[in-house]
Amino acid sequence: MPDAVATPILVVDDNEAERYYVSRVLTRAGFEVQEAENGLDALHLAESGQPALITLDIRLPDVSGLEVCRRLKQNPVTRDIPVLHISASFTSPDNKAEGLDGGADGYLTHPVDATELVATVRALLRSRQAEVLVRAAAREWTTTFDLIGDAVCLTGPDGSVVRCNAAFSRLVGRPYTDIIGRPLTEVVPPLGPRAVEGPASPASVRLGDRHFRVSVDAGPPDLESGSRAWVLGDITARQQHEDALRRSEEEAQARLREIEAVYSSAPVGLCVLDRDLRYVRINARMAEMIGRPAEACLGRTVAETTPTLAGMLVPRFQELLDTGTPVYNLEIRGTTDAQPGVERVWVATWLPLRDAEGKVAGINVAAEEVTETRRLQEKLMEAHRLEAVGRLAGGVAHETNNQMTVVLGCAGFVLRHPTLPGSLRSDVEQIRQAAERTARITAQLLAYGRRQHLQPEVVDLDTVTDRLRSFLMRALGDRSTLQILPGSMGRRVKADVGQIEQMLLNLTLNARDAMTEPGTLTIRTSVVTVPPGASLPTQDDELRPGEYVSLVVADTGNGMTPSTLRRAFEPFFTTKGPGKGTGLGLSMVYGLVKQSGGYIRAESEPGRGTRIEIFLPTVDGPTPAVTLPPTGAGGAGSAYVLVVEDDPLVRSVVARELAGHGYRVAEAPNGHAALERLSQSSEQFDLLITDLAMPRMDGRELAERVAEIRPELPILFISGHPDEAARRALVEADRPYLQKPFTAEELLGRLEEMLRRVR
Ligand code: ADP
Ligand code: MG
């Protein structure tokens, strides 16, 4: 044991004998000894020599032993040195108590037994030693405690901080001394009262811009019950990392959702197929095109979902899977369950989908339906074709009409010749008839091109249908019944009667063809009023408010499928096979109705017959055009007529015709010559006849210039083939007009009528 204490024991006693005795006993026991005779020496030596223990007499000459002990215990340098009072004078238990209360560690009285003295010294040194070890351990523990990165503190049962480490002090930004003893909730407010109560403590708290994970523990078992150990681990970096991760994950999710939304609502059909041609993904538009719900397609193959297209699609998909070559803008025609039986057109692009190794794992499909676009394109092409046919027909008709005017006119002159031999008369008659046939074909040609010249009159449709009854019955055939139900109640429409008749014939023939079994064709008229604000859908337009005569032609025939009905009015559309139908019947009807300012509507269903309804606007007032009886040759004989025509043959035929009927006639080969003659005051013309189509100055321009110098002069236009705009302008302006070829009677009748009006 002595080796445990390298430092000496200080023996303080003013009595030499007692000091000697104590020193002897201790020296013998192996201790090194230092001596002091009074209190001040003792204090000095204790401070400088740092003895392991001090034996201290109470009664000293200068400072009392009790006072020395008090000072020793007050001085931090000497405070830990054990003090053993040994007194000869103060030996009562009260004295002992006073000594021990004054800070001494032991109290013995003289005469002291040597063995007891040594044992006491040893015991005090042992406990001193233990204390040193504990202190060292505590220091070590504190150092370790302070080295912990996490903030740690202990709280007592009342929730106040008992101990904390340096990290904790740094965390709360207060010195240690300012923390200890204060309630934890005051030091770290976010931990709150609930945190102190225990289990419901928050798993993490935020202090400033940093995050801490909080763990609370009941604390070491030797602590007072209700004590807690708190560890606040800084998880800011982790939290930031986690936040960033979560944010980027959220962003990715949002982007994915956006892409999903675009994919599913895209107006283009989209799908992904795997190598077995099964749908892995499909959007709403594609499902709609296929005609099945998207869920019903997922996992199914192309052959299962679109059996009607599989024959065409599957081999080409297979080729893409084998070669990896994309397919762009592939046109696909066919049907799907979406509209069974209706042929539709799609344009598709197929791209290979490759896996990580670059092998083709599937196909990305985008498809768009172009049925309507194609239909419109085809319709446009049809329109262009019709336009071309119309131009061709018009060109031919122009030439033919001029020539036929000449042929018919000359044939007329020859036939009227009084001395014509009978044999020649029949030849010329043949020529005339052939020319008339040609003229009729020409008219048809113009009708095909929808450029016929309409001669609208104000008519009562019931009169027209009644007059046609027997003709239509013949056209219908005797197997079926014709029913005419007049109901236009005297309302009149403005229309070209000849064309209306042609229209009724076309509709009747269509009904005849459709009624393979005996049936009934009904022609009914009625008055329809569309009130302001209302409208009625028709083939291509809304019926505008107003009063109309409705003409219905309804049969009980085979009817039309929706697709036939859709195309029935298209020119050249026919279901009747080569040589049987021209496909121009309904388009003529349509063209005529439109040209007459009317509307048309068709309803039909297979097996349930067809109903075609035509609306023509009613006109107010009585019929203005009263046909006057011809007055015969010479009736206007004194009139002076100027004929302007660039074709010399036509010009001379017209002139001869007029001259033959008593007119005075002058001729001009073009507009300029005509203007020159008209401006001469000596020439008093009563009427001007002019061709419409002439080089340099055409008929209309001539008419305008004439109006400047002779505004009252009546003008009759003649033409073989007016262009549409010119024709419409004439009709709208109500200018007199005669279509070539015309007969002598037509020409003379027209002239007389015009002259009568002027007079
Ligand atoms: P075409 O009679 O020469 O075929 P149209 O233009 O008159 O030409 O008619 C076109 C097509 O419309 C016909 O081929 C037919 O398929 C259909 N169609 C017209 N009228 C009727 C009807 N009354 N009943 C059934 N189908 C009709
Ligand atoms: Mg027809």
Side-chain angles (χ1 to χ4, degrees), residues 341-344 371-390 393 444-452 454 461 475 493 495-496 499-515 521-524 528 535-544 548-555 557-578 580-606 608-617 724:
V342 178
E343 197 198 64
R344 296 156 69 199
T371 313
E372 187 59 13
T373 318
R374 285 284 184 280
R375 200 182 63 76
L376 289 176
Q377 280 171 347
E378 279 158 18
K379 215 168 178 168
L380 200 67
M381 271 163 63
E382 279 293 324
H384 285 156
R385 197 172 62 138
L386 188 73
E387 180 71 27
V389 171
Q444 247 177 330
L445 215 55
L446 281 174
Y448 285 175
R450 278 209 244 157
R451 285 164 181 244
Q452 68 255 65
L454 295 184
L461 285 183
V493 296
D496 183 319
Q499 294 299 313
I500 293 283
E501 289 172 354
Q502 183 65 46
M503 174 182 93
L504 284 167
L505 177 64
N506 284 351
L507 295 175
T508 303
L509 292 175
N510 280 349
R512 180 202 62 194
D513 293 345
M515 293 194 286
L521 172 67
T522 307
I523 299 178
R524 178 195 291 122
V528 171
S535 69
L536 205 74
T538 64
Q539 198 65 22
D540 59 346
D541 207 352
E542 297 274 307
L543 199 56
R544 274 186 283 277
Y548 300 87
V549 171
S550 142
L551 173 72
V552 172
V553 180
D555 64 54
N558 298 331
M560 293 181 247
T561 61
S563 57
T564 300
L565 180 59
R566 255 199 300 280
R567 303 191 56 193
F569 288 95
E570 286 179 25
F572 302 110
F573 174 80
T574 177
T575 56
K576 292 181 185 163
K580 288 206 175 129
T582 58
L584 283 163
L586 284 183
S587 63
M588 174 267 163
V589 172
Y590 176 79
L592 170 68
V593 171
K594 291 275 110 184
Q595 221 171 306
S596 310
Y599 299 85
I600 188 161
R601 192 159 71 146
E603 289 162 25
S604 187
E605 255 180 71
R608 308 199 58 172
T610 298
R611 180 179 185 276
I612 304 228
E613 182 165 17
I614 287 140
F615 301 90
L616 292 174
E724 185 59 22

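Just so it is clear, the values below take in all heavy atoms, side chains as well, and ignore hydrogens, waters and symmetry mates.
Between atom OG1 of residue Thr610 and atom CG of residue Asn510 there is a gap of 8.5 Å, rounded to the nearest 0.5 Å. For the atom pair CZ (Arg567) and CZ (Arg375), the distance works out to 9.0 Å, reported to the nearest 0.5 Å. One finds the CG atom of Leu505 at 13.0 Å from the CD1 atom of Ile500 (value rounded to the nearest 0.5 Å). How far OH of Tyr548 is from CG of Leu543: 4.0 Å, rounded to the nearest 0.5 Å. Taking CE from Met381 and CZ from Arg374, the interatomic distance works out to 10.5 Å, rounded to the nearest 0.5 Å. Here Thr371 contributes atom OG1 and Leu376 contributes atom CG; the two are 11.0 Å apart, rounded to the nearest 0.5 Å.
Partners of Thr574 by side-chain contact (heavy atoms from CB on, under 4.5 Å), not counting sequence neighbours, listed by chain and number: Lys576.
A heavy-atom distance below 4.5 Å is not found between the side chains of Val553 and Met503. Leu616 places a side-chain heavy atom less than 4.5 Å from the side chain of Leu461. The shortest distance between side-chain heavy atoms of Val493 and Leu551 does not fall below 4.5 Å. Between Ile612 and Ile600, the closest side-chain pair of non-hydrogen atoms falls below 4.5 Å.
The local environment of CZ in Arg524 is sparse, with at most 12 non-hydrogen atoms from other residues, nucleotides or ligands closer than 6.0 Å.
No side-chain donor-acceptor contact under 3.5 Å links Asp555 to the backbone of Leu521. Formation of a donor-acceptor pair under 3.5 Å by the Ser604 side chain with backbone atoms of Met560 is found in this model.
Between Asn506 and Gly585, the shortest heavy-atom distance links the atoms ND2-O, 3.5 Å. Shown here for Ala568 and Phe573, the closest heavy-atom pair between the two residues is CA-CD2, 3.8 Å. For the residue pair Gly597 and Pro617, the shortest heavy atom distance occurs at O-CD, 3.5 Å. What you find for Ala475 and Thr508 is that their closest heavy atoms are CB-CG2, 4.3 Å.
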Verdict with supporting geometry, Val549 and Val528, side-chain contact (heavy atoms from CB on, under 4.5 Å): CA-CA 6 Å; Val549 171; Val528 171; over 6 Å; no
